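All chains are named by letter (A, B, ...) in the order of the sequence lines, taking the proteins before the strands, and each is independently numbered beginning at 1. Bear in mind the structure is a predicted one, so any value in this text is a computation, not a measurement.
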Number of protein chains: 2
Amino acid sequence: MNEPSAVVLIVEDEPHARAVLQVTLKQQGYVCLHAATGAEGVSAAIEREPDLVLLDLGLPDIDGVEVTRRVRERSAVPIIVVSARGQEEHKIEVLDEGADDYVMKPFVAGELLARVRVALRHNRAAESASDAGTVQVGDLVVDFDLRRVTAGGSEVHLTPTEYRLLAVMIRSSGRVLSNRQILRQVWGPRYDEQLGYLRVYMKKLRYKLEPDPTRPRYLVNEPGVGYRLRMPG
Amino acid sequence: MNEPSAVVLIVEDEPHARAVLQVTLKQQGYVCLHAATGAEGVSAAIEREPDLVLLDLGLPDIDGVEVTRRVRERSAVPIIVVSARGQEEHKIEVLDEGADDYVMKPFVAGELLARVRVALRHNRAAESASDAGTVQVGDLVVDFDLRRVTAGGSEVHLTPTEYRLLAVMIRSSGRVLSNRQILRQVWGPRYDEQLGYLRVYMKKLRYKLEPDPTRPRYLVNEPGVGYRLRMPG
DNA sequence: GGTTGCCGTTAAGAAACAATAAAGGCCGTG
DNA sequence: CACGGCCTTTATTGTTTCTTAACGGCAACC
């Protein structure tokens, strides 16, 4: 049962840090690409189509925030930012620009790898979601071919946004999705702070899908984190 | 079912102490390497790739803390510090630099060997857990992909801070983490003196996870140092 | 036997977060 | 242009989580 090996682009100017990253990743069977400057990183991230980008914040030429922005103009590749101590204040900026996660140097190998796995899995889930079919969770059935939803046996009409939200949730059913992740997938990367949208539409979905909308069985909130579509059981 | 014999690097200047360590280990089938100075120890730890390093704190040339730091720049090999009385204050420093555990001289052979086994096992677990995404310790299971925690078979709801704390502990299960290390990882670098936070949240976690919260089996305190997530056995 | 240091526990107020209702804007269609 | 459906926005209320400070127990040490 081998995972198909993923290609990871490492954007890091300092040779030693780069070596540490590469060794850590290669041991797990990942294939590594390199870029030593922000400019190289941007073009490699777009042209060579890696499955993941590890981006150091302390690059010599372009600011890491700017690198993220430029990559995001052309690609949805997951970006994990690696930053040294004393650069905490960039964390929020860079996440706002569309980075997916954040790891502090020095990091424990296990932690880095965990985040890499999570980021890759997202990506794969989003891609394979395009192959259609019907998904069932409890008495909720979504037919992606016909774009039809039934709850408790009877058909439910959903607006486009409601449908996209449900699709995102049901594709990752069982797992907690952060508010940011949901907003990016449903409304787009620039909307990932519009928590209000998400709340309003969660209410609408619950109203249409839940047996008792005030006591959600399916669409449950994890305070401070996000939402998840609970699987039966 | 033979354990694959592990290679242990002993860094110790005093001949008698070295002999005691070596005999204790050889009887259990471990292969021993030696280094008599800190400098030798650093290069041997990196180049000869032992499975474990036993590091004496009272070396003639380089401080044990410095040895740990230099090894950690290049290797994730488990390090167990062996320290004489009167060096207690170094324990925390050396753990902060990335050592895995410490044993006080004079030590009982059984205790040393138990910690050696734990450190070796931890290393192997960290390697094989990297394709799982879920980590199990005793009847505690953390699924990092789903962000789900179960204790004794039933799901447990954790708040964001509780979850981060458990994640930090379980990623380093078996080894001692200093209060400062934990605080930095869970609350951030600026909170590394807020011991109160840690105590409050340790209680909350124990309450939710331990069979008998007043007699912790998993989250155990190391007085004056920090906490450890004890592995079963 | 008191003092000190460290740990566990508790509770209450502050802050962050979530659910809901309702109003206004946009846009296509009749 | 009036209407209906959908999306966005704001305000209000209610809930969960975090922070903070104080207290009590226990052991080590003088």
Undergrad: If the cut-off is 4.0 Å, is B:Tyr227 near the phosphate of C:dG8, judged by side-chain N/O to OP1 or OP2?
TA: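 For C:dG8, OP1 or OP2 has a side-chain N or O of B:Tyr227 closer than 4.0 Å.
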Undergrad: In this structure, how many angstroms lie between the C1' atom of C:dA21 and the OH atom of A:Tyr207, rounded?
TA: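 To the nearest whole Å, that distance equals 13 Å.
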Undergrad: Rounding to 10 degrees, work out the angle separating the end axes of the helix from C:dG1-D:dC30 to C:dG30-D:dC1 (five pairs an end).
TA: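 That helix has its two terminal axes inclined by roughly 10°.
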Undergrad: Expressed as a whole number of angstroms, how long is the span from B:Leu219:CG to C:dG8:P?
TA: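 Spelled out: CG on B:Leu219 to P on C:dG8 is 10 Å.
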Undergrad: I need the CG-P distance between B:Leu195 and D:dA22, as an integer number of Å.
TA: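 One finds 17 Å between P of D:dA22 and CG of B:Leu195, rounded.
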Undergrad: Give a yes/no on whether any side-chain N or O of B:Arg199 is located under 4.0 angstrom from OP1 or OP2 of C:dC6.
TA: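 Indeed not, no polar side-chain atom of B:Arg199 lies that close.
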Undergrad: Atom NZ of A:Lys203 and atom P of C:dA21: how far apart are they, to the nearest Å?
TA: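 In whole Å, C:dA21 P lies 5 Å from A:Lys203 NZ.
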Undergrad: Can you tell me the distance, in whole Å, between the CZ atom of A:Arg215 and the C1' atom of C:dA18?
TA: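 Those two atoms, CZ and C1', are 16 Å apart.
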Undergrad: Are any side-chain N or O atoms of B:Glu210 and backbone N or O atoms of B:Tyr218, one a donor and one an acceptor, separated by less than 3.5 Å?
TA: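 Side chain of B:Glu210 to backbone of B:Tyr218, a donor-acceptor pair under 3.5 Å: yes, one is there.
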Undergrad: Is it true that, when you exclude B:Arg69 itself, more than 12 heavy atoms of the residues, nucleotides or ligands shown sit nearer than 6.0 Å to its CZ?
TA: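 Correct, the count exceeds 12.
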Undergrad: For the pair B:Glu193 and B:Arg184, find out whether any cationic side-chain nitrogen is under 4.0 Å from an anionic carboxylate oxygen.
TA: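 Between B:Arg184 and B:Glu193 there is no salt bridge, as every charged N stays at least 4.0 Å from the carboxylate O atoms.
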Undergrad: Sub-3.5 Å donor-acceptor pair from the side chain of B:Gln185 to the main-chain atoms of B:Ile182, do we have one?
TA: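 No, the answer is negative, given that no donor and acceptor are paired below the 3.5 Å cut-off.
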Undergrad: Return yes if a side-chain donor-acceptor contact under 3.5 Å exists between B:Tyr197 and B:Asn179, otherwise no.
TA: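 The answer is no; no qualifying pair exists.
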Undergrad: Can you give one letter per nucleotide of nucleotides 3-10 of chain D, going 5' to 3': B for a protein heavy atom under 4.0 Å from the base, S for sugar-phosphate only, - for none?
TA: ---SBBB-
Undergrad: Here's one to test your reading of the geometry: is the NZ or CZ of B:Arg164 within 45 degrees of the ring axis of B:Tyr201 and under 6.0 Å from its centre?
TA: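 No cation-pi geometry.
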Undergrad: With a 4.5 Å heavy-atom cut-off, do B:His90 and B:Ser83 have their side chains touching?
TA: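 The answer is no; the side chains never approach within 4.5 Å.
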Undergrad: Output the rounded distance in Å from CG (B:Leu198) to P (C:dC6).
TA: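 Whole-Å distance recorded here is 14 Å.
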Undergrad: Strictly below 4.0 Å, N to O, side chains only: are B:Glu14 and B:Arg18 in salt-bridge contact?
TA: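 No, this pair does not count.
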Undergrad: Look at the side chain of B:Arg72 and the backbone N and O of B:Ser75, then say whether any donor-acceptor pair between them is shorter than 3.5 Å.
TA: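 It does hold such a pair.
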Undergrad: Only one of A:Ile80, A:Ile79, A:Val71, A:Val42 forms a side chain to side chain contact (heavy atoms under 4.5 Å, CB included) with A:Val53, so which one is it?
TA: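 Exactly one option meets the side chain to side chain contact (heavy atoms under 4.5 Å, CB included) with A:Val53, and it is A:Ile79.
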Undergrad: Going 5' to 3' through nucleotides 24-30 of chain C, assign each nucleotide B (protein heavy atom under 4.0 Å from a base atom), S (under 4.0 Å only from sugar-phosphate atoms) or - (no protein heavy atom that close).
TA: -------
Undergrad: Using whole Å, report how far CG of B:Asn221 lies from C1' of C:dG8.
TA: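 Computing the B:Asn221:CG to C:dG8:C1' distance gives 10 Å.
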Undergrad: Under 6.0 Å from the six-membered ring centre of B:Tyr163 and within 45° of its axis: does the NZ or CZ of B:Arg147 meet both?
TA: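 Yes, a cation-pi geometry.
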Undergrad: Figure out the CD/C1' separation between A:Glu222 and C:dA18, and round it to whole Å.
TA: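 For the pair A:Glu222 CD and C:dA18 C1', the rounded distance is 13 Å.
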